[in-house]
Engineer: 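After the structure tokens below, expect a handful of questions from me.
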There are 2 protein chains.
Amino acid sequence: MNPNYNETELQILEAARKVFLQYGFDGATTQMIATESGINKALLHYYFRSKDRLFEAVFMEAFTRMIPNLLKIFTAEIDFFEKIRAFVGAYIDALLQYPQIPLFVLHELKRNPDRIVQLIKSSGIRPEFILEMFRGEVGKGNIAPIDPYHLLVNMLSLCIFPFAAKPMIQGFIFHNDEAAFQEFLVSRKEQVAEFIIKAIKPC
Amino acid sequence: MNPNYNETELQILEAARKVFLQYGFDGATTQMIATESGINKALLHYYFRSKDRLFEAVFMEAFTRMIPNLLKIFTAEIDFFEKIRAFVGAYIDALLQYPQIPLFVLHELKRNPDRIVQLIKSSGIRPEFILEMFRGEVGKGNIAPIDPYHLLVNMLSLCIFPFAAKPMIQGFIFHNDEAAFQEFLVSRKEQVAEFIIKAIKPC
DNA sequence: AATTATTTAAACCATTTGGTTAAATTATTT
DNA sequence: AAATAATTTAACCAAATGGTTTAAATAATT
């Protein structure tokens, strides 16, 4: 975390993250956060002025975790399919650590889409880089011709969606067997990569 | 809609759907719904007793729309790949009509996962049927060996996720070009189907 | 020991929330 | 015309919300 924060602030932020991730901005109350962090509301106001300020900090961190800086994987000197495997594996691994983030980010992003503007500028993420690389691989004949936009969105969908849809998938398909669902998520690291590779392999 | 409701009730339900889909349960207020439907809070209480009652009705309808009764497609006497194309096309078409539903359902499902139990029982949706069919196709050698659970989740991911992630994808990848994103969603009907088919084709 | 920073407890405030009620009004039906 | 149903207006309520303040207590630093 940002070392600008002292220990108590980190404690509060951790509680805020937990509560916000669980209940969302509208569903969370400052009292929940105070209770969760073991302090009182007055101290929240002492360090952070408002609920919004606190949320801002939590959301920023979650967002940068959701769109992680995994682009360096694609700059490595390895086979393109190996890059796919590495990216999918690292992405799903990251989400396994914070499985609540996808749904949280998606919901809050809808609640305040304008926040995107700030984030696009603050975080140096550039999808154009990936899109251009996809085009290059198609041009070199390494992969079958495919719209790079669809390929990018397909990759994100396959990685992220099962985390956002956990209550649905776990309840519906795995009959609330939490362990089975967890194992399923882990196995997706391989399964999704091979699924994508097979779909874009030149035939 | 259910014909049990009279005109005014339908008017209220429509407004409730609009407000709940936009702001979620926590973000919505009964006053919003009253204003949106052009009536007053007292009449809300006259027809529906509480916010929860109203929400229940809206959520049920949204959920059954999200997991649509498209299984009959798979019972048709057509090539399996044609079934895939028909299913993906019909599913994305359904979501294009109600693009807010995925994120709404996912978020509310997390807010109250126990509601799943009711819904599983009330709606007659059985994923086992699809899973078994996938296994059958693998057995017949029509498609390459693949874990049916992953195939099912992959299909759902590719269809649903772009709708849930609209603010992110439209803002990030399409630089807030709403028309371009809309066109992208439509083109996914073909793109996703072919992507899946290529990924499961026996080689 | 004196000073400063941190933390708590408790009360307070204006606003909003979901929900309720009573009375009047309008529309519909009989 | 009479009776019933639908709708509005307006006020009300208790509870919860985010936020603020004051005063005291505790800890850390000088």
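Chain letters run A, B, ... following the sequence lines, proteins first and then strands; every chain starts at 1.
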Engineer: Without hydrogens or angle criteria, can the side chains of B:Q31 and B:T35 be said to hold a donor-acceptor pair below 3.5 Å?
Structural biologist: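 Note: B:Q31 and B:T35 side chains meet the donor-acceptor criterion.
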Engineer: When all nucleic acid strands are considered with a 4.0 Å heavy-atom cut-off, which category describes B:F48: base, sugar-phosphate, or nothing?
Structural biologist: nothing
Engineer: Which distance, rounded to the nearest 0.5 Å, do you find between the CZ of A:R188 and the CG of A:L95?
Structural biologist: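 Interatomic distance, A:R188 CZ to A:L95 CG, rounded to 0.5 Å: 11.5 Å.
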Engineer: I need the CD1-P distance between B:I33 and C:dT16, as an integer number of Å.
Structural biologist: 18 Å
Engineer: Do NZ/NE/NH1/NH2 and the carboxylate oxygens of A:E194 and A:R85 come within less than 4.0 Å?
Structural biologist: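 Result for this pair is yes, salt bridge flagged.
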Engineer: Wobble G-U and Watson-Crick pairs count when both distances are under 3.5 Å; given that, what is the 5' to 3' dot-bracket string of DNA chain D, with | for pairing to other strands?
Structural biologist: ||||||||||||||||||||||||||||||
Engineer: When you get a sec, tell me which of D:dT7, C:dT6, C:dA9 is the closest nucleotide to the side chain of A:Y47?
Structural biologist: C:dT6
Engineer: Are OP1 or OP2 of D:dA6 and a side-chain N or O of B:Y46 less than 4.0 angstrom apart?
Structural biologist: yes
Engineer: Would you say the ring centers of A:Y23 and A:F55 fall short of 6.0 Å from each other?
Structural biologist: no
Engineer: Between B:H107 and B:F25, is the ring centre distance below 6.0 Å?
Structural biologist: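 For B:H107 and B:F25, the ring centres are not under 6.0 Å apart.
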Engineer: Hey, would you say the A:F87 and A:F74 ring centroids sit under 6.0 Å apart?
Structural biologist: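 Yes; A:F74 has its ring centre under 6.0 Å from that of A:F87.
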Engineer: For a quick check of understanding: with a heavy-atom distance under 4.0 Å over all strands, which category does A:L44 fall into, base, sugar-phosphate or nothing?
Structural biologist: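 Contact class for A:L44: none.
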Engineer: Can you name the side chain to side chain contact (heavy atoms under 4.5 Å, CB included) partners of B:A180, sequence neighbours left out?
Structural biologist: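 Listed in chain order: B:F174, B:D177.
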Engineer: With the criterion being N/O to N/O and under 3.5 Å, what pairs connect the protein with nucleotides 16-22 of chain D, and how long is each?
Structural biologist:
| residue | atom | partner | partner atom | Å |
| --- | --- | --- | --- | --- |
| D:dG18 | OP1 | A:A28 | O | 3.3 |
| D:dG18 | OP1 | A:K51 | NZ | 2.9 |
| D:dG18 | OP2 | A:T30 | N | 3.1 |
| D:dG18 | OP2 | A:T30 | OG1 | 3.2 |
| D:dG18 | N7 | A:K41 | NZ | 3.4 |
| D:dG19 | OP2 | A:K51 | N | 2.7 |
| D:dG19 | N7 | A:K41 | NZ | 3.2 |
| D:dG19 | O6 | A:K41 | NZ | 2.9 |
| D:dT20 | OP2 | A:H45 | NE2 | 2.7 |

Engineer: Answer yes if the side chains of B:H150 and A:E190 hold a donor-acceptor pair under 3.5 Å, and no otherwise.
Structural biologist: no
